[in-house]
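Within every chain, numbering begins at 1; the chains are lettered A, B, ... in the order of the sequence lines, protein sequences first and strands thereafter.
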Number of protein chains: 4
Amino acid sequence: MQVAATAVGGGLPVPPMEFCQLKATETIRPADDPHTRNKRQQILEAAARQFSACGFHGANMRDVAAAAGVLAGSIYYHFESKDALFVAVHGAAIDMMTNAVRAAVAGIADPWDRLEEAAAAHCEALNGDSAFVGVIAPIFPVTIGALRSQLTAQRDAYESMFSDLIGKLELEADIDPKIFRLHVLTALNGTKFWYGPGGMAPSEIGRQLIRMLRRRATRDPGIV
Amino acid sequence: MQVAATAVGGGLPVPPMEFCQLKATETIRPADDPHTRNKRQQILEAAARQFSACGFHGANMRDVAAAAGVLAGSIYYHFESKDALFVAVHGAAIDMMTNAVRAAVAGIADPWDRLEEAAAAHCEALNGDSAFVGVIAPIFPVTIGALRSQLTAQRDAYESMFSDLIGKLELEADIDPKIFRLHVLTALNGTKFWYGPGGMAPSEIGRQLIRMLRRRATRDPGIV
Amino acid sequence: MQVAATAVGGGLPVPPMEFCQLKATETIRPADDPHTRNKRQQILEAAARQFSACGFHGANMRDVAAAAGVLAGSIYYHFESKDALFVAVHGAAIDMMTNAVRAAVAGIADPWDRLEEAAAAHCEALNGDSAFVGVIAPIFPVTIGALRSQLTAQRDAYESMFSDLIGKLELEADIDPKIFRLHVLTALNGTKFWYGPGGMAPSEIGRQLIRMLRRRATRDPGIV
Amino acid sequence: MQVAATAVGGGLPVPPMEFCQLKATETIRPADDPHTRNKRQQILEAAARQFSACGFHGANMRDVAAAAGVLAGSIYYHFESKDALFVAVHGAAIDMMTNAVRAAVAGIADPWDRLEEAAAAHCEALNGDSAFVGVIAPIFPVTIGALRSQLTAQRDAYESMFSDLIGKLELEADIDPKIFRLHVLTALNGTKFWYGPGGMAPSEIGRQLIRMLRRRATRDPGIV
DNA sequence: GATGAATGAGTTTTCATTCAT
DNA sequence: TATGAATGAAAACTCATTCAT
């Protein structure tokens, strides 16, 4: 199931609020759904959707529970607290993206090609069919102090992959690789706010970003 | 007073939570402060800081009030609701940024130079000394449905400036100007999540982004 | 209004549970009651009754609120938390007892007489018409760690009055004054569990305890 | 394992909360422990410790279960409800104390000596090495209505032993035997709130109370 | 006998909002 | 204009209890 923002007014659109407004019951999957592995997983997925759509503070446990087909109290059998649930979702999302990116770059040699594949995979995971990983992007600013260190730790390993990828590029002397990496990642994450179905495919959007940054001189020095 | 995120762990850092943890009283300016223009303005500024730091749902009226040196109930004389307060802050921020960008590009002819100045101004306003406009970036995902249309309307005029700026560029054929614009704006806004004092200046960070994207062929065709 | 335990079965009775079972509405005093000083005081009194009757964990904020004629949320305007409310009640109770005991011993010279008056006052305050001070006795065992230090501090001053009173007695050599004080105070507090109207007056019960302990040899050596 | 209150600040100390703060797992005895008789007994003991330390409302089934090495649901195979569990613990405690007191006074003739031995035994059982009987004292005030009659019934037999013991004393005419008994029992129970290891032994504390009350005239008229 | 998973009513607490003064 | 006090709905979380396995 895919929930995506539709660009409104042609500009940088405000993000999708569908879940926040959706009656929780509409998103309940029946217990016998073949895709249902177990309750913990269902809760994790429901939480991913709610956090994705509403942010940490905007999401509430009752809606998560309803979306997972359980009562609010039942979540606490599986997760210690809202914080812990968020950390679990975030960790799972990071894991998925790590796997996706790793698989995407495997067997590719050219540094710019590797980065392009990584960006495509990141964007695809973030906006693709599962959209489980939506938490990655939007919750940044509503994260509370207590969660910071845990989330940072989870992200570090993921982002070091991009550091490595970018470290292999031959960037112009006036480009700081760290600034480069941060701009790339935030632009990629930013797609969560404006991507909508019907337009360019997520992976292609990711690719475009890297192509914009790829200097012709580097890419195809002979012609220039 | 400036509150900025410090990059933690070398990766994409979680954003600054200083305001959320600051005792409200510490941010109260005495009513006779020479900088105090009036209560409405003070509330607006306090709200900008809180919304910036905590997001829409994470911020609360009592802290805004305390930071403005009034009681919670008093806000309602000046603003109809939390939503209205947010829209007012957002509108004021957009106005400031519009002015800043307009002033920055005035008198500059080259399209890429114009974009670079615009990006520098955007970044400076977002992360600079006043940082009033912080609301622009982080609260996207926690915005509730009822606010969407109002916020979108406020943004449209601002973003059309960037549309115009980018429309003047001679982009490669395989680059979609709309995707280009969205990537630029989200990357620029993303600086809110990782910029910290002590590193590169905000305006230089904005400039770097455009320089990364500026094709040598386009910028300086004679040499290539 | 007085709520007291009635001894059941002739033994050490379990304490009164009337308040726990009473419908909250039955204890609401109308807002125009002449005895009503203000809401904070009313909440304090209602809390004293609930904590007295049910203990710290057994009492709940909703019942306290209802008994004070406000909604549960309103309590938090006056008190930061349940803990803080309890500490406030406890402190007020200690103050009342301190005053009562101080007044009772004023102008009396004989050490045993002074202790007897103090015991009478303590018992009277604990079980008398107001019974506000009921918290003193029963909540001991349900006190949570975080409250311990605050409650202990409040008690120390009060109990040092008894230390002083007892220090003036000429106790037999084999009687430890500290053990003596602790036995006296717990016995006095214990009356909260078994005192009931219709029997001996509280002050007389307190007096009896001291008389039981007062050695004839000490009191009236000439006759023996 | 013994958990006792340490007097804090020199006054009537708030009671021990060690168990409430102890991680449940730390108190689990492995199932093959030679001291383990059976699960029911383990649950009873764990419950005694929790109720003792936290009171009826403050104790919770999950901690009792963890301390007994079972899951919360499993308790319900052995006991119908939390109330029933409490009644069982209370009954067992009363039985132990009854046996202890009966054994202590056996073969002793002098009424005051008999009472002194009974008090020593009561205090020893309450604060001694096993301290299983801790429930006796502190939960009084948090007992809920439904339990009253059952608890009272269990206590009656125990307390009638003290009635008998006291009935044999030749008390002064102005001392009411019932008041005397109640003061003695509550003072004895009160030791639970202030006794701590390192000071006087529990049995000696009990003895001291009786010695304080034992009139020299009555005890040893010839000498005086 | 025991467990894992859930329940649902209840807990304390928060917070946007109102309103008489 | 601003405040002190209150509201009431909703939040996160707890906990005794149930029940199929």
Side-chain angles (χ1 to χ4, degrees), chain A residues 31 38-40 42-43 56-65 68-86, chain B residues 31 38-40 43 56-65 68-86 144, chain C residues 31 38-40 42-43 56-65 68-86, chain D residues 31 38-40 43 56-65 68-86 144:
Chain A
N38 60 40
K39 270 286 145 69
R40 190 178 194 278
Q42 275 179 272
I43 291 170
F56 179 79
H57 287 119
N60 71 35
M61 300 298 267
R62 204 151 25 211
D63 286 353
V64 169
V70 297
L71 292 199
S74 307
I75 296 180
Y76 291 83
Y77 180 78
H78 300 282
F79 300 95
E80 213 180 32
S81 65
K82 189 185 185 184
D83 279 23
L85 177 58
F86 186 82
Chain B
N38 60 43
K39 273 286 144 67
R40 189 178 196 278
I43 291 170
F56 179 78
H57 286 118
N60 71 307
M61 298 297 268
R62 208 153 9 212
D63 284 355
V64 169
V70 298
L71 289 202
S74 309
I75 295 180
Y76 289 82
Y77 178 79
H78 301 282
F79 301 94
E80 208 181 37
S81 64
K82 189 187 186 184
D83 281 22
L85 176 58
F86 185 81
I144 46 174
Chain C
N38 60 41
K39 271 285 144 69
R40 188 178 195 278
Q42 275 180 272
I43 291 169
F56 180 79
H57 288 120
N60 71 33
M61 299 297 269
R62 203 146 32 207
D63 286 353
V64 170
V70 297
L71 292 198
S74 308
I75 295 179
Y76 290 82
Y77 181 78
H78 301 280
F79 300 95
E80 212 180 32
S81 64
K82 188 185 185 183
D83 280 23
L85 177 58
F86 186 82
Chain D
N38 59 42
K39 272 286 144 69
R40 188 177 197 279
I43 292 170
F56 180 79
H57 287 119
N60 71 307
M61 298 298 268
R62 202 140 31 199
D63 285 354
V64 169
V70 298
L71 290 202
S74 309
I75 296 179
Y76 290 81
Y77 179 80
H78 301 281
F79 301 94
E80 207 182 37
S81 65
K82 189 186 186 184
D83 280 21
L85 176 58
F86 185 82
I144 47 174

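Boundaries of the chain B contact region on DNA chain F are F/dT1 to F/dG4, first to last in 5' to 3' order (nucleotide atom under 4.0 Å from a heavy atom).
Here the shortest heavy-atom pairing between B/V64 and B/I43 reads CG1-O, 4.1 Å. Of all non-hydrogen atoms in C/L71 and C/A65, the two that sit nearest each other are C-CB, 3.6 Å. Heavy-atom minimum distance, D/A72 versus D/R62: CB-CA, 4.2 Å. A/N60 approaches A/D63 most closely through the heavy-atom pair OD1-N, 2.7 Å.
With sequence neighbours excluded, the residues that form a side-chain contact (heavy atoms from CB on, under 4.5 Å) with D/Y76 are D/M61.
Only the P atoms considered, E/dG1 is 22 Å distant from F/dT21, to the nearest whole Å.
Checking B/Y77 against D/E80, the closest nucleotide of DNA chain F that is more toward the 5' end is the one next to B/Y77. Ranked by how close their nearest DNA chain F nucleotide is to the 5' end, B/A72 and D/K82 are led by B/A72. Heavy-atom nearest nucleotides on DNA chain E were determined for C/S81 and for A/I75, and the one closer to the 5' end corresponds to A/I75. Summary of the strand contacts: C/S74 and A/S74 both lie near DNA chain E, and taking for each the nucleotide with the nearest heavy atom, the more 5' one is attributed to A/S74.
Here the CG-CZ distance, from C/L85 to C/R40, works out to 9.0 Å after rounding to the nearest 0.5 Å. Interatomic distance, C/K39 NZ to C/S74 OG, rounded to the nearest 0.5 Å: 8.0 Å.
Residue B/A59 is in sugar-phosphate contact alone, with no base atom involved, counting any heavy-atom pair closer than 4.0 Å across all strands shown.
One can place NZ of D/K39 at 9 Å from C1' of E/dG1, the figure rounded to the nearest angstrom. One interatomic measurement links the two molecules: NE2 of A/H57 to P of E/dA16, which rounds to 12 Å at whole-angstrom precision. In this structure, CE of D/M61 is placed 18 Å from P of E/dG10, rounded to the nearest angstrom. Rounded to whole Å, the distance from CG on B/L71 to P on E/dA16 is 15 Å. Separating the CZ atom of C/F86 from the P atom of E/dT11 is a distance of 18 Å, rounded to the nearest angstrom.
Checked by atom type and distance alone, the side chain of C/K82 pairs as donor or acceptor with a backbone atom of C/F56 at under 3.5 Å.
Set against E/dA2, E/dA16, E/dT12, the side chain of C/R62 has E/dT12 as its closest nucleotide.
A/H78 has no side-chain polar atom (N or O) that falls below the 4.0 Å cut-off from OP1 or OP2 of E/dG4.
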Next item on the list: Dot-bracket notation for DNA chain E is requested: 5' to 3', Watson-Crick or G-U wobble pairs only, both distances under 3.5 Å, with ( ), [ ], | and . as defined.
Entry: .||||||||||||||||||||
